[in-house]
Amino acid sequence: MSELFSSPINITSLPFAVFVIVTFLLYYAFPRQQVLILLGASYLFYLTWDWRFVLVLLLVTVSNYLIAHRLEYPHRAKSNLAKRFLWLGLSLNLLPLFLFKYLDYLAWQLSRMLTLPAISLKIVLPIGLSFYILQGISYLLDVYQGQIAPSKRPTHFALYLAYFPKLVSGPIERARTFLPQLTEKCIVDNQALAQSLARIAVGLVRKLVIANAILASLPSSLFDSPAKFPAPDLIFWWIAFVFMIYNDFAGYTTLVRGVSGLFGIELSENFRQPFFASGALDLWNRWHISLSQWLRDYVFLPLSRFMLRRKPSGKFLPNIIIPPVVTLLVSGLWHGINPHFLLWGGLTGLALAIERLLSLKRPVVRAATAHLPRLSTALRHFAFIMLIALIIGPPFRLEVPETISFWSHLFLWGPATLLKVNKILSPLLAFLLSLSLDWGQYRTQDDVFFLQWPRWAQSLVFAFVILALFLATRAEVGAPFIYQEF
Amino acid sequence: MEITEIKEKLRTFICTELLNNPDYPLQDDEPIITSGLMDSFSLAQIGVFAEIEFSVYIPDADLTVDAMDTLNQIAMRIAREVNK
């Protein structure tokens, strides 16, 4: 037993493939027990990471399930008791987040401020905690607001939080879209099967071929001490980092959406070609969509509406600035309590507010008729998004002093030291592959657009995928998904 | 309340307050957000306008671009709450 669980099941590993196949066979062999099979598989999957993580997940599941039943009141007649239960439920969700994610850092900061020896509580953050906590919070708020009824089936609710394809790094699902799928009969026909397998292939290519190729080339010294490098190095490798993190996370999401599709359960889209976004707000709507939508529904809209009720004017400056800045600060805090995440959140919120302010001055013209997106437009948008990434993005990865150093060195043009052809060739090919995939998806609005191609072309695509995966896995860059750290 | 009445009040509000152009010939089925006429932040204003003008509450989760992209969609969503 201990040997079996000696290492966690990584999503891009062979043990995960075996795990999915076994679960898949059991799932369709026992159609009456499908939820139980998925729940058992999910907890087994989590157990391979750490048995203590399972305890935390169980506690969060039980508390949310029980408290939700205390929140249901007809006709929105919310009693004080229901309100107290809501606060209790929210606190029980936020408490583990505080204990496991923030306490260690706060204790270390406190010891530094008091000039005491550095304190490290050595608290291990349970994988996926930040993701399933948000799902628990949205469930309680939706029940409280009468949007959904509390789940009457404990196993269904437990699966909503623990479902293994999304447990590690999302997508952050909503109960109102996830739970109904568990009561429907899951039929996976040939088309759905092809779509799922194609998504798995795209996900693997994004992670193992594109993201890992860039990761292998990224010079770590550049992020440790950006002051040592001139602007051309900083610009190229920062863009490489942005491509890497995008393909890493989008690859993960596409892969798990494919895996979930094998069980007839549709998971939310998390990325919609963010590099072709038309501006900061459009980028926010296309990047980590399930988190953006969560923040929009539970932070931005309530705050924005609260402020508008007090002063119902869309042109009143605080109404424009405060909601996006607060929302993105919460986003920064969700990623981590370190000041650089807060700086990143604050700057992103400010960019959204500035864009909104500018849009108020823009003359309103008749909307253009629908047409296929043009390559020139996509490239123009891409250049603009890379500029935004260079201005706003650095504090996402760099500590505050390094961020400041990075920005100041963007104005320092000198001969590049890290742009030798042999160093940049692999990242450049990865950029090209990533953008080609994005362009196909953007143009067709279909994440597996190549399934519409003739058979011979599809065969070529899959031959390329197999060859690329074979070569990429031989390179042995076994990096974990970045977002599982959150 | 008739849907045409809701639609006209909404049309005036959107053109005057959100598009800054009271003379804009906004069509019933014209995409307002996906076409770039208005950004999705404005949905909060539409939510509060529905509260003030029609005394109905549209849940935050329903204020999405997919569900509220045209005058018809917004008016029908408000009418559903008004006629509850």
Side-chain angles (χ1 to χ4, degrees), chain A residues 75-76 138 141-142 145-148 174-177 278-282 284-285 289 292-316 319-321 323-324 327 352-353 355-370, chain B residues 9-72 74 77-78 80-81 84:
Chain A
H75 312 301
R76 300 184 196 284
S138 68
L141 287 169
D142 286 356
Q145 290 178 346
Q147 296 295 305
I148 52 169
R174 303 296 175 82
R176 80 176 82 100
T177 51
S278 58
L281 178 59
D282 196 24
W284 191 47
N285 288 327
I289 298 168
S292 303
Q293 287 186 346
W294 193 98
L295 290 166
R296 192 194 70 109
D297 289 353
Y298 301 104
V299 183
F300 175 80
L301 282 174
L303 178 60
S304 200
R305 287 170 90 162
F306 169 77
M307 294 186 68
L308 282 164
R309 279 181 207 120
R310 292 165 67 94
K311 174 100 179 163
S313 166
K315 297 177 184 79
F316 183 53
N319 286 354
I320 296 172
I321 295 173
T327 304
L352 295 176
E355 191 177 87
R356 174 124 177 88
L357 270 171
L358 293 175
S359 78
L360 292 178
K361 308 276 178 202
R362 199 176 52 195
V364 172
V365 291
R366 165 74 66 185
T369 47
Chain B
K9 284 183 174 178
L10 262 173
R11 196 189 316 270
T12 308
F13 172 73
I14 290 172
C15 293
T16 315
E17 297 297 321
L18 305 180
L19 304 184
N20 298 318
N21 183 358
D23 300 326
Y24 185 83
L26 184 64
Q27 305 298 306
D28 291 359
D29 279 322
E30 183 174 354
I32 310 171
I33 302 169
T34 53
S35 65
L37 275 180
M38 181 177 97
D39 63 36
S40 56
F41 282 177
S42 307
L43 287 171
Q45 283 173 267
I46 290 178
V48 174
F49 175 71
E51 287 173 30
I52 295 168
E53 189 65 38
F54 307 109
S55 307
V56 294
Y57 177 77
I58 310 292
D60 294 330
D62 290 355
L63 292 176
T64 62
V65 177
D66 288 344
M68 299 287 219
D69 198 26
T70 66
L71 193 61
N72 267 343
I74 304 168
R77 184 65 190 83
I78 292 173
R80 216 168 78 201
E81 291 296 324
K84 252 184 186 174

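In what follows, chains carry the letters A, B, and so on, assigned in the order in which the sequence lines appear, proteins first and then strands, with residues in each chain numbered from 1. Any value given below was found using the heavy atoms of this structure, including those in side chains, with hydrogens, waters and symmetry copies removed.
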- Message: At a 4.5 Å cut-off on heavy atoms, which part of A:W294 comes close to chain B: side chain, backbone, both, or neither?
- Response: neither
- Query: Closest approach of B:E17 and A:K315, non-hydrogen atoms and distance?
  - Reply: O-NZ, 3.3 Å
- At a heavy-atom separation under 4.5 Å, does A:Y298 approach chain B through its side chain, its backbone, both, or neither? neither
- Counting only heavy atoms not in A:R176, do more than 12 sit closer than 6.0 Å to its CZ atom? yes
- Message: Please give me the minimum heavy-atom distance between A:R296 and B:A61, naming the atom from each residue.
- Response: NH2-O, 4.4 Å
- Message: As a quick check of understanding, evaluate side-chain contact (heavy atoms from CB on, under 4.5 Å) for A:Q293 and B:T64, giving each step before the final call.
- Response: CA-CA 9 Å; A:Q293 287 186 346; B:T64 62; over 6 Å; no
- Task: First locate atom CG of B:L19, then atom CG of A:L360, and finally report the distance between them rounded to the nearest 0.5 Å.
- Result: 11.0 Å
- Per-residue tally against chain B (heavy atom, under 4.5 Å) across A:G314, A:S304, A:P323 peaks at A:G314
- Note on the structure: Cut-off 4.5 Å, heavy atoms of chain B, and the answer for A:D282 is neither
- Item | Test side-chain contact (heavy atoms from CB on, under 4.5 Å) applied to B:D60 - qualifying residues, sequence neighbours left out | A:L301, A:P302, A:R305, B:Y57, B:L63
- Contact check, side chains of A:P324 and B:F41, non-hydrogen atoms, under 4.5 Å: yes
- Which answer fits A:L352, side chain, backbone, both or neither, if we ask what part of it has an atom under 4.5 Å from a heavy atom of chain B? both
- Residues forming a side-chain hydrogen bond (donor to acceptor under 3.5 Å, both in side chains) with A:D297, sequence neighbours excluded: A:R174
- Given a strict heavy-atom distance threshold of 4.5 Å, which part of B:I32 is in contact with chain A: side chain, backbone, both, or neither? neither
- Item | Heavy-atom proximity to chain B below 4.5 Å, by part of A:L281 | side chain
